[in-house]
Amino acid sequence: MARSTLMHDGRRLTYRDSGGPGRPLLALHGHFSDGRTFAGVAPGRRLIALDQRGHGDSDPAADYSRAGYVADAVAVLDHLGLDRVAVLGHSLGGVNAYQLAAWHPARVTALVVEDIGAVVDDDLSFALAWPARTESPSPYVSTRQVADGWELTFRPADMVASQQSLNGDHWADWLASSCPALLIRGERSRVLARGHAMEMLARRPRTELVELQAGHTVHRTVPDAYAAAVADFLSRTGA
């Protein structure tokens with residue numbers, strides 16, 4: 001996918017755009033990741049994968065607030081002249097996706113939320129002990145190659161701050177939108193318990209649940225099954 005940038009609030013935001021005539025799908029990754037993680041996830045669609053603030057090739061931010069993340073997503077849509085899109089998000093990106101739909105309902109045609117709940121409580125402080133360089137890249141953590149190995153494309157302290165901002169009760173936002181929604185859960189997930197997923201399904205109309213043989217990063221563990229579930233949902237809903 002072609003890599004592009006825009007300036008928003010004095011910061012560089014980077015996104016990858018597959019282009020083409022397909023219906024647009026905005027993809028929002030989780031902590032420690034970047035937009036590249038969604039390559040190949042939606043064949044036949046125009047995939048716009050944002051490197052969210054402080055991740056990948058996008059600049060760090062002064063804050064990692066809920067409003068800040070959603071404003072970045074809106075800035076990308078405005079920059080590309082996209083009025084209405086389907087939105088997919090994993091973990092952090094999943095909350096950002098359903099908050100985008102809650103706060104800007106006219107912009108979102110459908111939601112795909114991967115392995116995150118309406119109540120979030122986690123701690124990423126373990127990342128503070130990670131080395132600045134590694135000898136090889138990781139399939140689950142965003143890195144870039146440098147002269148002496150591979151470096152993280154994020155600052156661990158920013159991830160800790162971002163998670164602290166993400167923690168909380170977001171039921172009001174999950175229930176605020178009315179577009180079709182697909183909740184994807186990894187059957188071995190330690191982040192989204194099955195009981196909580198079932199409650200999210202029961203309380204929000206026009207919501208479906210798919211559970212796949214994976215942990216938290218469903219799209220990386222079972223990419224074919226994940227892509228098939230997303231394609232089927234978007235096709236049936238006309239999003």
Side-chain angles (χ1 to χ4, degrees), residues 9 11-14 27-38 49-73 88-100 113-146 148-174 183-197 200 214-221:
D9 285 345
R11 292 176 294 103
R12 178 184 60 180
L13 286 176
T14 299
L28 304 173
H29 59 79
H31 284 123
F32 309 135
S33 190
D34 62 45
R36 294 173 297 176
T37 192
F38 292 118
L50 173 63
D51 286 0
Q52 300 195 87
R53 57 175 55 196
H55 296 78
D57 293 322
S58 289
D59 288 338
D63 73 81
Y64 291 90
S65 65
R66 305 283 76 243
Y69 275 113
V70 172
D72 288 348
L88 175 153
H90 170 236
S91 197
L92 161 73
V95 178
N96 296 345
Y98 68 68
Q99 289 184 329
L100 174 62
V113 175
E114 179 189 347
D115 215 70
I116 196 69
V119 177
V120 181
D121 184 14
D122 207 347
D123 179 6
L124 301 185
S125 59
F126 60 85
L128 297 174
W130 287 355
R133 297 282 194 279
T134 61
E135 293 182 356
S136 60
S138 166
Y140 297 106
V141 174
S142 173
T143 57
R144 65 170 63 92
Q145 192 167 17
V146 292
D148 56 346
W150 298 79
E151 69 176 5
L152 301 174
T153 64
F154 54 84
R155 300 186 303 204
D158 288 349
M159 301 299 96
V160 173
S162 177
Q163 182 65 51
Q164 290 172 344
S165 176
L166 180 63
N167 288 342
D169 185 327
H170 306 302
W171 272 113
D173 292 321
W174 172 247
L183 181 62
I184 299 179
R185 175 181 176 271
E187 292 184 348
R188 301 188 301 275
S189 175
R190 297 181 180 180
V191 174
L192 178 58
R194 190 169 198 275
H196 188 63
M200 293 173 71
H216 181 52
T217 52
V218 187
H219 68 282
R220 295 298 299 266
T221 306

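All values derive from a computational prediction rather than experimental measurement.
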A.B. asks: Arg188: what forms a salt bridge (charged side-chain N to carboxylate O under 4.0 Å, His left out) with it, not counting sequence neighbours?
C.D. replies: none
A.B. asks: Determine the interplanar angle of the Phe154 and Phe32 rings, folded into 0 to 90°, and report it as parallel if under 30°, tilted if 30 to 60°, perpendicular if over 60°.
C.D. replies: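 Plane angle between 30° and 60°, so tilted.
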A.B. asks: I need the minimum non-hydrogen distance between Ala127 and Pro156, along with the two atoms involved.
C.D. replies: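 Looks like O-CB, 3.4 Å.
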A.B. asks: Could you go step by step and tell me if His31 and Asp122 meet the side chain to side chain contact (heavy atoms under 4.5 Å, CB included) rule?
C.D. replies: CA-CA 12 Å; His31 284 123; Asp122 207 347; over 6 Å; no
A.B. asks: Could you walk me through whether Arg144 and Leu152 satisfy the side chain to side chain contact (heavy atoms under 4.5 Å, CB included) test, starting with their C-alpha distance in whole Å, then the side-chain angles of each, then the deciding distance to 0.1 Å, before giving a yes or no?
C.D. replies: CA-CA 7 Å; Arg144 65 170 63 92; Leu152 301 174; over 6 Å; no
A.B. asks: Side chains of Asp158 and Arg53: does their closest heavy-atom pair fall under 4.5 Å?
C.D. replies: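 Asp158 vs Arg53: side chains apart.
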A.B. asks: For a 4.5 angstrom cut-off between non-hydrogen side-chain atoms, does Ser91 reach Glu114?
C.D. replies: no
A.B. asks: Using side-chain hydrogen bond (donor to acceptor under 3.5 Å, both in side chains) as the criterion, point out the one residue from Gln163, His170, Gln164 that pairs with Asn167.
C.D. replies: Gln163
A.B. asks: For residues Thr143 and Trp150, report the shortest heavy-atom separation together with the two atoms involved.
C.D. replies: OG1-CE3, 3.6 Å
A.B. asks: Under a 4.5 Å cut-off applied to non-hydrogen side-chain atoms, are Val113 and Trp174 in contact?
C.D. replies: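 Side-chain contact under 4.5 Å: yes.
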A.B. asks: Indicate whether the side chain of Asp34 and that of His55 have a donor and an acceptor atom separated by less than 3.5 Å.
C.D. replies: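 No pair is found: no donor N or O on one side chain lies under 3.5 Å from an acceptor on the other.
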A.B. asks: What's the separation between atom CG in Leu183 and atom CD1 in Ile116, rounded to the nearest 0.5 Å?
C.D. replies: 10.0 Å
A.B. asks: Ignoring hydrogens and geometry, is there a side-chain-to-backbone donor-acceptor pair from His196 to Ala118 under 3.5 Å?
C.D. replies: yes
A.B. asks: Without swapping roles, check the side chain of Ser165 against the backbone of Tyr64 for a donor-acceptor pair under 3.5 Å.
C.D. replies: yes
A.B. asks: Specify the closest pair of heavy atoms between Asn96 and Val70, including all atoms of both residues, with the distance to one decimal.
C.D. replies: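 Shortest heavy-atom separation between Asn96 and Val70 comes out as O-CG2, 4.1 Å.
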A.B. asks: Please tell me whether Asp173 and Gln99 have a donor and an acceptor in their side chains that are separated by less than 3.5 angstrom.
C.D. replies: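 A pair is found: one side chain offers a donor N or O, the other an acceptor, under 3.5 Å apart.
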A.B. asks: So, are Arg11 and Asp72 salt-bridged, with charged N and O less than 4.0 Å apart?
C.D. replies: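 So Arg11 pairs with Asp72 through a salt bridge.
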A.B. asks: The criterion is side chain to side chain donor-acceptor pair (under 3.5 Å); which residues satisfy it with Thr217, sequence neighbours excluded?
C.D. replies: none
A.B. asks: With the threshold set at 4.0 Å, does a side-chain nitrogen-carboxylate oxygen contact exist between Asp57 and Arg12?
C.D. replies: no
A.B. asks: Mind listing the closest non-hydrogen atom pair of Arg133 and Glu151 along with its distance?
C.D. replies: NH1-OE1, 3.3 Å
A.B. asks: Could you check whether any side-chain heavy atom of His90 comes within less than 4.5 Å of a side-chain heavy atom of Ser33, counting everything from C-beta outward?
C.D. replies: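 Not in contact.
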A.B. asks: Just jot down the side chain to side chain donor-acceptor pair (under 3.5 Å) partners of His29, sequence neighbours excluded, or say none.
C.D. replies: none
A.B. asks: Quick one: does any side-chain atom of Arg220 pair with a main-chain N or O of Tyr140 as donor and acceptor, under 3.5 Å?
C.D. replies: no
A.B. asks: Taking all non-hydrogen atoms of both residues, which atom of Ser162 and which atom of Leu92 are closest, and how far apart?
C.D. replies: OG-CD1, 4.2 Å
A.B. asks: Quiz question: by atom type and distance under 3.5 Å, do the side chains of Thr37 and His219 form a donor-acceptor pair?
C.D. replies: yes
A.B. asks: State the CE-OG distance between Met159 and Ser125, to the nearest 0.5 angstrom.
C.D. replies: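 If I round to the nearest 0.5 Å, the distance is 14.0 Å.
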A.B. asks: Using side-chain heavy atoms (C-beta onward) and a distance below 4.5 Å, is Val141 in contact with Trp130?
C.D. replies: yes
A.B. asks: Taking all atoms of both residues into account, what is the closest heavy-atom pair of Asp51 and Leu13, and its distance?
C.D. replies: O-CD2, 4.3 Å
